[in-house]
Amino acid sequence: AIEACVTSKNAKYSLGSVLSHVLMHQTVIGLEAMQQLDIAGDYPDVVVGCTGGGSNFAGIAFPFLGQKLRGEAPKEIEFLAVE
């Protein structure tokens, strides 16, 4: 989306999903995923999320990334951002 805006004088980009307050609200998705995986007795090898605006990826990945950075992840985990 950003590339289209910088290469076309007719395109506009509205910030929203990439702002910090939106990203933090979206982490509810990742927190719920963590709880569901805990109930199932599992933990992901890879977390995948789309990164059009960033909030989808951040929502699923930030809770798992926080665990990894704090050294709390039960095993090695990778993150894959796709568009």
Table please: side-chain donor-acceptor pairs of residues 34-42 below 3.5 Å, with sequence neighbours left out.
none

Minimum side-chain heavy-atom gap V46-F79 below 4.5 Å
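When only atoms from C-beta onward are counted, F79 and V46 do not touch, as no gap falls below 4.5 Å.
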Is any side-chain heavy atom of C50 less than 4.5 Å from a side-chain heavy atom of F57?
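Not touching, per the 4.5 Å side-chain cut-off.
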With sequence neighbours left out, which residue pairs that include part of [range] fulfil the salt bridge (charged side-chain N to carboxylate O under 4.0 Å, His left out) condition?
range          : answer
residues 50-61 : none
residues 24-34 : none
residues 46-59 : none
residues 50-59 : none

Pairs touching residues 60-69 that satisfy side-chain hydrogen bond (donor to acceptor under 3.5 Å, both in side chains), sequence neighbours left out
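Output for this query lists Y43-Q67, K68-E76.
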Using modelled atom types only, decide if a donor and an acceptor are shared between the side chain of T51 and the backbone of V82 within a distance under 3.5 Å.
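Yes; at least one donor-acceptor contact below 3.5 Å.
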Once side chain to side chain contact (heavy atoms under 4.5 Å, CB included) is applied, do any residues pair with S8, and if so which ones, sequence neighbours excluded?
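Testing S8 for side chain to side chain contact (heavy atoms under 4.5 Å, CB included), a comparison that skips the adjacent residues, returns N10, A11.
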Can you list everything that forms a salt bridge (Lys or Arg N to Asp or Glu O under 4.0 Å) with D45? Sequence neighbours excluded, please.
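K75.
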Looking only at heavy atoms, what is the nearest atom pair of P63 and A58, with distance?
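Shortest heavy-atom separation between P63 and A58 comes out as CD-O, 4.1 Å.
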